Amino acid sequence: MALVIDCVAIGDEIMKEIVQETEALKAKGITPGIATLLVGDDFGARMYRGQVEKFCQEAGFNYINENPPADVTEEEVINIVKKLNEDPAVSGILPLRPFPSHISDSAVINSIDVNKDIDCFHPFNMGKLALGEPTFPPATPSAVIEILERYAREVEKVDPKDFFEGAEIVVVGHSNIVGKPTAFLALNRNATTTVTHVFTSMKGNLVKHTAGADILIVAAGKPDLIGPDHVKEGAIVVDVGINRVKVLDADGNPVLNEKGKPKTKTVGDVSFDAVKDKTKAITPVPGGVGSVTNRMLMKNALKACKIQHGLL
Ligand code: NAD
């Protein structure tokens, strides 16, 4: 019987640890803070902004909302970043993308102080990650590793070091935000790490790799990409994907809501019901990696705050 890893409980546990650390810092007269930078009003970015604000309130962090209109110039956005770099109330800066097309992602990211780059966007911090010396390991990949480390300690009762060393880890997805940094974090723990992506699938080679994984980490953004044939018996599966799909009835027709529109639900990249019993442990969607991601961002903000105050 597979264990469905309770990522919500893990997220709650980490939040308690963050609150305790924040209280200890406040006792020294220091308050950690996060500034988000949203340019315009992209829907997904706005949702994410709201979540960050809520978590900052829960943890007792400062929260600064920078939200210039979509027609702001690139120079003005960079000036906002420079102001945040100098602001002692801001420990970490989080650019929320996508930016409007006239604003270069890299121009904005390169202007962030590397000691305030809490989601590891800056090439300096990505380089440190690749060298195995991450200062701010990016939030989603860190959430994946944190879930696996806690699983190792609490369920398998093994040292996470032994859990990772030599484990066959296959990552599906090679984006700069999720797939690649997840692979670096696994490699930094001496796992035998394979990275697969859309071109692996196009050559018909995805199953060949995923079916050999002790730990399969999937971040492709493709519902039902991973079925039972892709998974080794007794593997641990971490599903990072978040997809909105239509709810279908038994005949495959969309189920409508009270307004006559198709009902939707959130699913991952793994066909959870079909795969679950083949695994030793699996993360669900919703209630999976996403429940831990924001907490990892806040842990990085705490770390940034300590670095800036000479406490680390
Ligand atoms: P992305 O679109 O930038 O990258 C997708 C990756 O998947 C690419 O490397 C691509 O080559 C690969 N891919 C696409 N189709 C594939 C196929 N058929 N076979 C194998 N590989 C394939 O996406 P991203 O930003 O890396 O996000 C990936 C998923 O993770 C999305 O569903 C996103 O919503 C989700 N996500 C979740 C969290 C979280 O906290 N849980 C955070 C960030 C992203």
Side-chain angles (χ1 to χ4, degrees), residues 10-39 45-68 77-97 99 105-129 133-143 145-146 177 181 185 290-312:
I10 293 175
D12 289 347
E13 228 173 274
I14 298 170
M15 193 61 166
K16 273 191 207 141
E17 295 161 11
I18 290 168
V19 169
Q20 276 172 5
E21 276 202 60
T22 306
E23 279 166 5
L25 281 173
K26 283 185 164 176
K28 295 190 170 96
I30 300 168
T31 305
I34 295 179
T36 55
L37 173 58
L38 165 65
V39 183
R46 262 196 296 136
M47 292 291 111
Y48 190 25
R49 191 211 66 74
Q51 283 178 18
V52 175
E53 180 172 17
K54 179 170 159 276
F55 288 131
C56 282
Q57 278 164 359
E58 273 175 43
F61 280 23
N62 292 320
Y63 172 71
I64 290 95
N65 174 18
E66 292 289 351
N67 186 193
V77 174
I78 289 173
N79 283 337
I80 293 173
V81 174
K82 285 182 181 163
K83 184 188 72 180
L84 296 172
N85 284 342
E86 299 303 320
D87 187 343
V90 174
S91 322
I93 302 168
L94 185 65
L96 300 175
R97 290 173 287 173
F99 293 147
D105 274 17
S106 58
V108 176
I109 283 165
N110 291 344
S111 67
I112 296 175
D113 179 339
V114 294
N115 284 321
K116 294 194 174 187
D117 174 38
I118 53 170
D119 210 3
C120 198
F121 290 133
H122 196 289
F124 176 83
N125 284 318
M126 271 301 268
K128 297 264 287 178
L129 174 68
E133 307 158 6
T135 311
F136 303 117
T140 304
S142 303
I145 298 296
E146 183 80 19
I177 292 176
L185 290 176
S291 320
V292 181
T293 294
N294 279 318
R295 272 50 169 200
M296 301 315 288
L297 189 74
M298 302 190 72
K299 277 182 80 156
N300 278 349
L302 273 177
K303 189 174 180 187
C305 180
K306 288 183 195 164
I307 291 171
Q308 287 152 30
H309 285 89
L311 299 172
L312 271 185

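Treat the numbers as computed from the prediction; the structure is a model and nothing was measured.
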Legend entry - Residue pair Leu84 / Lys116, side-chain heavy-atom distance below 4.5 Å: no
Legend entry - Check ion pair Glu146-Arg295 (N to O, under 4.0 angstrom): no
Inset, instruction - Only one of Thr36, Thr293, Asn294 passes side-chain hydrogen bond (donor to acceptor under 3.5 Å, both in side chains) with Gln51; say which it is. - result: Asn294
Legend entry - Beyond-backbone contact of Ile307 with Thr135, side-chain heavy atoms, under 4.5 angstrom: yes
Inset, instruction - Rounded to the nearest 0.5 Å, what's the gap from CG on Asp113 to OG on Ser91? Could you check? - result: 11.5 Å
Inset, instruction - Please tell me if the side chains of Met296 and Val292 come closer than 4.5 Å, counting only heavy atoms from C-beta onward. - result: yes
Inset, instruction - Could you check if a side-chain atom of Pro68 sits within less than 4.5 angstrom of a side-chain atom of Leu37, using non-hydrogen atoms only? - result: yes
Inset, instruction - Any chance you could measure Asn115, atom CG, to Phe136, atom CZ, to the nearest 0.5 Å? - result: 5.5 Å
Legend entry - Validation row: Asn125, Asp119 side chains within 4.5 angstrom (heavy atoms): no
Inset, instruction - Find out whether Pro137 and Ile145 are in side-chain contact, i.e. whether some heavy atom of one side chain is under 4.5 Å from a heavy atom of the other. - result: no
Legend entry - Flag, side chain of His122 to backbone of Phe124, donor-acceptor distance under 3.5 Å: yes
Legend entry - Distance, nearest 0.5 Å, that separates NZ of Lys128 from CG of Asp117: 12.0 Å
Inset, instruction - Without swapping roles, check the side chain of Glu66 against the backbone of Ala35 for a donor-acceptor pair under 3.5 Å. - result: no
Inset, instruction - Using atom types as modelled and distance alone, determine if a side-chain donor or acceptor of Thr31 lies under 3.5 Å from a backbone N or O of Phe61. - result: no
Inset, instruction - Output yes when a side-chain donor or acceptor of Asn110 lies under 3.5 Å from a complementary backbone atom of Ser106, and no otherwise. - result: yes
Inset, instruction - Flag the pair Thr22 / Pro32 as yes when at least one side-chain heavy-atom distance between them is below 4.5 Å, and no otherwise. - result: yes
Legend entry - N-O pairing of Glu86 and Lys82 below 4.0 Å: no
Legend entry - 4.5 Å side-chain heavy-atom contact, Ile118 and Leu297: yes
Inset, instruction - Any chance you could measure Cys56, atom SG, to Met298, atom CE, to the nearest 0.5 Å? - result: 4.5 Å
Legend entry - Pair Tyr63, Arg49: side-chain N/O donor-acceptor within cut-off below 3.5 Å: yes
